[in-house]
Amino acid sequence: MIRQFSSFYLGESMFGIDVLLVREINRNLDITPVDPSPDFVKGLMNLRGQIVTVTDLGVRLNLDKRERTKSTCCIVLKTEKELERIADEGLISESTSKDTVGLLVDKISDMISIDENEIEAPPANMNGVDGKYLGGVIKLERDLLATLKISEILAL
Amino acid sequence: MKDQEMLNELIMESREHLENIEPDLLELEEKGNDVSDELINRVFRAVHSIKGGFGFFGIENIVTLSHAMENVMSRIRDKEITVTPELTDALLQGIDKVRILLDDVTNSGEVSISTEINALSPFLDLNITDNSQEKAIDTDSVIPIDPSSEINKVHPDLNDEHHLDAVRNGKYMYQVIVDPQKDVIQKKSNFKQLFIDWDKFGTIVVSNPPQLQLEKQEVTLETISEVSIIIATVLESDLISEAINIPQEQIYSIDLTVYKNLLLEEQDKVETKEQSAGIQKLIKMRNEKKQDNSRIEDALRVKVGLLNNLMNFAGELVLGRNQLIQTMNRKLSESYELEKIGKNYSEFIRQSMLKIITDDHLNKQHKQQNIDTEITQLEAKLKDLFNFQLRDVLGVNSIIQNINMVTTLLQESIMQTRMQPISVVFSKFPRVIRDLAKKLGKEITLTQIGQDVELDKSIIELLSDPLTHLIRNCADHAIEKPSVRKKRGKSPKGEVILKAFQEGGKVIIEISDDGAGIDPEVIKARALDKNIITKDEAEQMSQKELQMLIFTPGFSTVQLISDVSGRGVGMDVVKTNIERLGGNIEIESEVEKGTKIYLKLPLTLAIIPSLIVTVENRRFAVPQVGLEEVVRIRASDVTKRIERVHNSEVLRLRGKLLPLVRLATALGLTPTYINPETNEKRNDRRTQLSDRRKQDNRKTNEENCTIFTDDEKRNGVEERRINSVNAVKVVVLRMDKKLYGLVVEDVQDSEEIVVKPLPEYLKSSVCYAGATIMGDGKVAMILDPNGIAIMADLKFDDIEKEVSSEKKQPEKGKDNLLQNLLLFSIGGPEHFAIDLSSVSRIEKRKVEEIELIGNKEFLKYESSSLRLFRIENYIPVQPSMESPDTIFVIVPKNAQYPLGFVTARVEDTIETELKIDSESVKGTGVRGAAIINKKMTVIIDVPELIHTLETEIKM
């Protein structure tokens, strides 16, 4: 089966998220910080009347703290409820969260289509990212793309 | 799946039916036989459609019960029986049972309905409104057949006992001709299934070929052309046809008249009924029914989820519109800016060209002329360009205005779709009062006013329980037995008034009774007994505060817990429920005279009024529910009013100590302060608000040393935080029974906010109750007073200890209770006092703002107009001798119309025990006079005064 990943950068490392999990990618970032909150929660954002919990993916993956730049984007994920239908069809096995969650990334990149069989099992650690957060590794021409295990990343 | 949906729909409809006919039945009870035919028909139709509906689903108990009720109703209609209290009781019981059965339809078969059937049975007639006749009118397709002739040929087993049995149970009998090919095989069914299905709707009497053979498939279906089945059921022919899914042409009604007569003869009952009259009525009823059906539906069911979506989108549209307007306004101002720049530019060109001219002496005049014309042309072109752009912008503006208006209307309309009249809740109370009065041997009348006031659906739903509790309380505890009432010189009939009205953006529900009232002394004794308050506390409490104690958990003044009220749902639950709705509850009670309870509710649940506060550039919403007051302490008073008790800060407020929490600290933010010289924000090194220069903690903050000394040099010894910006603003919040102060940086406007639940990831942050989206599209957090107190680890006990140790108990008369009073003057020599708890707001306004219409004075107030009254026109006192520039308008609570009293000065608020002398000063709206602060003071009776004024407004 062909799977599609939305790829993005955190620093120099390239990551990917199954597009079926992504609702939209947002550049208009007006985040209200919330204190006290878990360290990886950046704050809340208004997305057309819906409250989105914006998380700092870098912090979650134990990477260095990063500054926001012009290319910083927020990948807004679908909620569990929105996923129900495609999950029923067996297209995805991952789950997200009850709430609308956004992931802050440094730069958004291309869409990658790849046959499922070409995805390799992740190593125990990759560029400083704990293997438990990774779903697999895809060898691209120039880069290595690590696909993310969203359910693990969003776990409380 | 689809069946389940249909069933749910039916249950919902049936509930509506039951709700609609209950008042009718109560009227029936009250008026007896004088009731209108229309009313009886209405009840009949409702019960009939419930029966029919559940007939399809084979829900036997509901069908049987509603059938019995239908039968009784038809007899009332035909004046065969007279309406007695026993009869209405039986009907009401029946309705209650149907309601219970509706709660769990699937298992309704296991619930016994014999009590209700027995109650109805004396009124039942075995000879139901002659059904064969009815059928004859109803449908031509059903042919009544004589049971004695044809049928017996097909069914030799059918005997008189079968018929009589059907008649005794009020059933109809049908012969159904089943075509095995068409009705069974083509429907991919078999006879076994068919019998199981049919059994739900009635009793299979006999079948040819016999049922057993058909079920065991001993008969080859291909060889027989038809199967005749006799079924006895309570369903009419059209209903049975649909229920068993057999065309009406194949169903023959069996005429049971003979057997009915036989049965009647058996019972020595002589048939006296006028058949024709019955038929006439039936025809009339059918016609009415047809008219009813042809009425165009003007309401439809919409899923609440869909409405919520609509509401959300409308909210978004509003945001979008606001952004659009902002952008357009910016564009507009930019255009003007551009024009200005253009003018400067052309002026600059002119100047520089002139310079060239002055250098060159040849043909000077000629050149000048040329340049002038060039410049003028340039200017004109520039102007054209800008005008064009401006015109464009202005055109867009009117379009935006249009969008603006439509958006507002859209939002309002969508909000209204969720509104329901309060009568939805009110309608059940006549029944509640009736039942209770009967049970308790009391006489109570219930008057309802304002049933058409509308509230959000979700509020209506959540309002039902608390209101029922309050109404029950009225009947159970408040209204005395007739004998007691007579002794107290009251009419033996107690009165309960339930009134709803709108005031500002709120709906007020007033529940008043003329019963026993709440005795503060009884409450005090009870509260002491139950250790709810200490003796010291009790001494200090005002009458009102004592009465409010009935809302404390675990408080119940009635010794005997009756089955009427006191079923574990106390007044505290009522209070919490009302507060959860964003409303509040207030009590006014006078011993032996009665009690008034006010419930103040927001119009919708999704939107709550709140106060916006800021700290460290962040905005937070404080819900008005937990908000007591806002206190501003001048920077110069901070040291005087803020003290330290056991490492925590307290504020001295009207003689009481209030623990303080700094919001920034509670949320773990780094506190800053504004330097008055530079308007810069600096990290605040103080750990306490009352910390000042003298006890600086320079050593602990080495890194800030340089800035610090700079400041010190510039300011000398003067306290740099003393300025208006650094005045301390304290928001006083209520947490259960206790109050505390939240120190914020700034208090902004009050705003209506839409509450959004907190995401999972922030659930552990107890400080917040939710999040909201502000008018500018940004997210702001909603503060939770309880959570903040927990975060700040507030220790109320320490402070209380401190208070009790330092307080010398002042002498107090036992009989006089403390009251909070607002003292004011209207400009004359008299002093006035008003109960502070009856004041909603005090507005400071310029005299010019008063608008005159005729001889009436008005003030613009919260987007409506406030009618102003001058106390001197109502109470015999001296008019104002001053002509001040500013007036203070006292806006009272619980007024049906927006009104306010004009005063010249608000002097003070005090807590005092009142010894009212009601003899020396008299008049409507005056409670009497008292000595306050050594001055004779007129005490205003606010409810009475409001009443007088409202009557005037109404005229």
Side-chain angles (χ1 to χ4, degrees), chain A residues 23-24 26-61 68 74-85 88 95-104 133 150-156, chain B residues 305 308-320 322-323 411 606 614-621 663-671 753-768 770-783 787-788 790-792:
Chain A
R23 187 202 284 178
E24 65 181 83
N26 206 295
R27 258 173 225 279
N28 185 14
L29 302 172
D30 199 343
I31 301 164
T32 302
V34 180
D35 282 296
S37 66
D39 56 353
F40 67 96
V41 175
K42 197 91 185 160
L44 301 181
M45 180 176 89
N46 168 23
L47 181 73
R48 293 187 296 281
Q50 257 190 328
I51 303 263
V52 180
T53 315
V54 183
T55 62
D56 192 328
L57 187 59
V59 174
R60 185 60 170 173
L61 299 178
R68 246 174 64 186
C74 182
I75 302 178
V76 180
L77 302 175
K78 289 177 186 165
T79 62
E80 259 171 17
K81 216 172 167 194
E82 286 171 299
L83 283 179
E84 245 170 40
R85 198 179 47 85
D88 282 351
S95 65
T96 53
S97 165
K98 271 192 218 120
D99 304 305
T100 315
V101 178
L103 307 172
L104 278 189
Y133 293 127
I150 290 298
S151 43
E152 192 63 44
I153 287 167
L154 296 186
L156 282 171
Chain B
N308 288 346
N309 278 349
L310 277 178
M311 195 117 118
N312 226 342
F313 295 145
E316 273 312 297
L317 196 61
V318 173
L319 273 183
N322 291 350
Q323 281 165 0
Q411 197 192 20
T614 62
V615 70
E616 302 304 324
N617 277 331
R618 298 188 186 180
R619 275 182 301 181
F620 298 94
L663 181 55
T665 322
L667 300 180
L669 305 172
T670 326
I753 56 165
V754 180
V755 183
K756 309 249 173 181
L758 220 50
E760 288 284 321
Y761 298 91
L762 300 172
K763 282 272 157 71
S764 52
S765 310
V766 290
C767 301
Y768 304 114
T772 186
I773 295 168
M774 306 287 291
D776 58 3
K778 284 182 185 152
V779 178
M781 303 305 289
I782 303 168
L783 296 176
I788 293 169
I790 293 166
M791 279 297 281

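Computed from a predicted structure; not experimentally measured. By convention in this document, chain letters (A, B, ...) are assigned in the order of the sequence lines, proteins followed by strands, and residues within each chain are numbered from 1. Only heavy atoms go into these numbers, but all of them, side chains included; no hydrogens, no water, no symmetry mates.
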Between Ile773(B) and Gln50(A), what is the shortest heavy-atom contact and its length? CD1-N, 4.2 Å
For the residue pair Ser765(B) and Pro36(A), what are the closest heavy atoms and their distance? OG-O, 2.6 Å
Quick one: what part of Tyr768(B) sits under 4.5 Å from any heavy atom of chain A, side chain, backbone, both or neither? side chain
Can you check whether Glu760(B)'s main-chain N or O pairs, donor with acceptor, with Asp99(A)'s side chain at less than 3.5 Å? yes
Side chain, backbone, both or neither: which part of Asn46(A) has a heavy atom under 4.5 Å from chain B? both
For Lys756(B), I'd like to know if atom NZ has over 12 heavy atoms of other residues, nucleotides or ligands within 6.0 Å. yes
Distance, nearest 0.5 Å, that separates CG of Leu44(A) from OG1 of Thr772(B): 11.0 Å
Residue from Val101(A), Val52(A), Leu154(A) scoring the most non-hydrogen pairs under 4.5 Å with chain B is Leu154(A)
Note: vs chain A, highest number of non-hydrogen pairs under 4.5 angstrom among Val766(B), Val779(B), Leu762(B) is Val779(B)
Do you know which of Val41(A), Ile31(A), Val34(A) has the most heavy-atom pairs with chain B at a distance under 4.5 angstrom? Val34(A)
Side-chain touch Thr32(A)/Arg619(B), heavy atoms, less than 4.5 angstrom: no
Tell me whether Lys98(A) at atom NZ has more than 12 heavy atoms from other residues, nucleotides or ligands lying less than 6.0 Å away. no
Point-to-point distance, once rounded to the nearest 0.5 Å, from CD1 of Ile51(A) to CE of Met781(B): 8.0 Å
Backbone of Val54(A) reached by a side-chain donor or acceptor of Tyr761(B) within 3.5 Å: no
Just give me the residue among Pro759(B), Ala771(B), Pro757(B) that pairs up with chain A most often, heavy atom to heavy atom, under 4.5 Å. Pro759(B)
Between Asp35(A) and Leu667(B) the two heavy atoms that sit nearest each other are CB-O, 3.5 Å
